[in-house]
K.L.:
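Dropping a structure here in C-alpha cells format, bear with me for questions.
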Amino acid sequence: MKIIKTVALALTIITSSSCKDQTKETPSESVSEEKIETKKEKEMNVLFVLTSHDKLGDTGKKTGFWVEEFANPYYTLLDKGAKITIATPNGGAAPIDPSSDSPDAATEDTERYNKDEEAKALIANTHKLADLNADDFDAVFYPGGHGPLWDLANDETSIALIEKFNAQEKPVAFVCHAPAALKDVKGTDGEPLVKGKKVTGFTNSEEDAVGLSDVVPFLVEDMLNENGGIYSKKEDWAAYAIQDGNLITGQNPASSELVADKLLESLK
C-alpha cells in the first residue's frame, strides 16, 4: 500500500511540474511573437532614384549622380537595417559625375563606397524605374548631381512615382540638384507639389560658382520659386536641409547627411 501511495505521489508531482512548464512556455512564445511583429513594423524599404543622364549639356564633358549624395544616405539607412533598392530611368549602370569621384570631393562615405564591391555592383545594375511600384516602398530618395536636370525633371515615370508616394503620405527626399525632379510634379490638389511648402536646393550662386549657370537647362532655385515653393538657403556650400510634411530637401552635397537623418527619422 505504501508503494502504491508513493507511486501516486510521484505521478502527482510529475504532472504538476509538467503543467507548470507548459504555463511557462506560453508567455515565452507570446514574447517571441511580439518580437517578430516588432521587427516587421520597423522594417524599412527605401527606393533610391538616380539619373541615367551622363552628358553635361553641349560641353562635351560627362555628368551623372554625385557620389557623396548617394553614399552618405545609402550607408546611413543601410546601417540602420533599411533594405535599399536602386533604380534609374533606363536601368543598368548609373553614370557617376567624374567631379564627384575626385580626391577633392572625397569623404569618409565616398571612401567606404569605393571599397564596397556590393554597393558598386548595385550601381552598375540598377532597376528600371518603370518596373517598380511605390506600393512596395516606405520612402523614396533622389541623390543629386547635374544629371537629374536633363532626365528626371521631365521623366513621366518619375513624376508619377513621386506623386504616388506623396498621395500615400510617404517621405519623398531630395538633395542638391535632385529637387529638379519636382519641376512638373503635382500635389493631390493639382497644384505644383512644392507650392506653399518650405524647400531648398542648389542655389543660383552655387551654380555660378561652378560655372554652369549657362549650361544647365534651368536653375533649381529659380524653378522652386517659380513653382510657388517657399525657398530658403544658407551661405554657399553650407549644410542645410528642410522638411515640410513628408517633403525633405537639402541644399548641396554637404547637406546629404542632414537629409538622410531627416528621412531616417521620418521612417521610425
Side-chain angles (χ1 to χ4, degrees), residues 49-73 94-107 109-110 141-155 158 162 172-185 192-244 247-260 262:
V49 180
L50 278 63
T51 181
S52 287
H53 189 85
D54 68 351
K55 294 180 177 62
L56 191 59
D58 298 324
T59 64
K61 296 179 179 179
K62 294 290 187 180
T63 188
F65 75 90
W66 200 263
V67 178
E68 161 63 17
E69 295 168 23
F70 162 80
N72 181 279
I96 293 175
D97 188 312
S99 298
S100 74
D101 202 24
S102 67
D104 290 344
T107 66
D109 293 299
T110 62
F141 169 66
Y142 283 66
H146 282 87
L149 292 162
W150 278 274
D151 64 350
L152 292 172
N154 310 299
D155 188 272
S158 174
I162 297 169
V172 288
F174 310 80
V175 67
C176 199
H177 287 89
L182 292 165
K183 183 169 73 73
D184 293 329
V185 175
L193 178 61
V194 302
K195 186 175 181 180
K197 292 188 176 180
K198 297 174 182 178
V199 290
T200 190
F202 205 61
T203 69
N204 289 354
S205 54
E206 286 170 330
E207 202 70 82
D208 285 340
V210 297
L212 294 174
S213 293
D214 295 328
V215 173
V216 295
F218 63 91
L219 298 170
V220 173
E221 179 180 342
D222 285 352
M223 179 276 291
L224 292 171
N225 280 316
E226 289 164 7
N227 278 0
I230 304 171
Y231 182 87
S232 60
K233 59 186 177 181
K234 285 194 174 182
E235 62 274 16
D236 289 359
W237 317 117
Y240 179 59
I242 192 165
Q243 181 170 0
D244 192 329
L247 177 61
I248 303 167
T249 49
Q251 180 176 319
N252 48 37
S255 310
S256 60
E257 183 175 1
L258 294 177
V259 172
K262 289 180 181 296

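Because the structure is a prediction, the values reported are computed rather than measured.
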K.L.:
Where the side chain of D54 meets the backbone of G147, is there a donor-acceptor pair that is under 3.5 Å apart?
P.N.:
no
K.L.:
Given side chains that start at C-beta, do those of S100 and F70 come closer than 4.5 Å, heavy atoms only?
P.N.:
no
K.L.:
Hey, does V220 have a side-chain heavy atom less than 4.5 Å from the side chain of L149?
P.N.:
yes
K.L.:
Just checking, any donor-acceptor pair under 3.5 angstrom between side chains of D151 and S52?
P.N.:
no
K.L.:
Going by the angle between their ring planes, with limits at 30° and 60°, are H177 and H146 parallel, tilted or perpendicular?
P.N.:
tilted
K.L.:
Take L56 and W150, measure what side-chain contact (heavy atoms from CB on, under 4.5 Å) needs, and give me the verdict at the end.
P.N.:
CA-CA 9 Å; L56 191 59; W150 278 274; 4.0 Å; yes
K.L.:
How long is the gap from CD on E69 to CZ on F141, to the nearest 0.5 Å?
P.N.:
7.0 Å
K.L.:
What distance do T200 atom OG1 and I230 atom CD1 have between them, rounded to the nearest 0.5 Å?
P.N.:
12.5 Å
K.L.:
Considering all heavy atoms of both residues, which atom of V259 and which atom of A173 are nearest to each other, and what is their separation?
P.N.:
CG1-CB, 4.0 Å
K.L.:
Of all heavy-atom pairs between M223 and F218, which one has the smallest distance, and what is that distance?
P.N.:
CB-CD1, 3.8 Å
K.L.:
Please indicate whether E257 has more than 12 foreign heavy atoms, meaning atoms of other residues, nucleotides or ligands, lying under 6.0 Å from its CD.
P.N.:
no
K.L.:
So how far is it from F65 CZ to C176 SG, rounded to the nearest 0.5 Å?
P.N.:
13.5 Å
K.L.:
Any side-chain heavy-atom pair from N154 and D184 closer than 4.5 angstrom?
P.N.:
yes
K.L.:
How many angstroms lie between CG in L182 and CG in L152, if you round to the nearest 0.5 Å?
P.N.:
10.5 Å
K.L.:
Between atom CG of D101 and atom NZ of K62, what is the distance when rounded to the nearest 0.5 Å?
P.N.:
15.0 Å
K.L.:
Treating N227 as the side-chain partner and G229 as the backbone partner, does any N or O pair qualify as donor plus acceptor under 3.5 Å?
P.N.:
no
K.L.:
Do S205 and D208 have side-chain atoms, one donor and one acceptor, less than 3.5 Å apart?
P.N.:
no
K.L.:
Taking all non-hydrogen atoms of both residues, which atom of P73 and which atom of S256 are closest, and how far apart?
P.N.:
CG-O, 3.8 Å
K.L.:
Looking only at non-hydrogen atoms, find the nearest pair between G64 and P148 and report the distance.
P.N.:
O-CD, 4.3 Å
K.L.:
Which heavy-atom pair separates S99 from S102 by the least distance, and what is that distance?
P.N.:
O-OG, 2.9 Å
K.L.:
Output the distance between atom CZ (F174) and atom CD1 (I248), rounded to the nearest 0.5 Å.
P.N.:
9.5 Å
K.L.:
Does a side-chain heavy-atom distance below 4.5 Å link P179 with L224?
P.N.:
yes
K.L.:
Ignoring hydrogens and angles, tell me if any N or O in the side chain of T110 forms a donor-acceptor pair with the backbone of E68 under 3.5 Å.
P.N.:
no
K.L.:
Given side chains that start at C-beta, do those of E206 and Q251 come closer than 4.5 Å, heavy atoms only?
P.N.:
yes
K.L.:
For a 4.5 angstrom cut-off between non-hydrogen side-chain atoms, does P143 reach W66?
P.N.:
no
K.L.:
Test your reading of the model: is there a side-chain donor-acceptor pair from E221 to the backbone of N204, 3.5 Å cut-off?
P.N.:
yes
K.L.:
Nearest heavy-atom pair of Y231 and G201: which atoms, and what distance?
P.N.:
OH-O, 2.7 Å
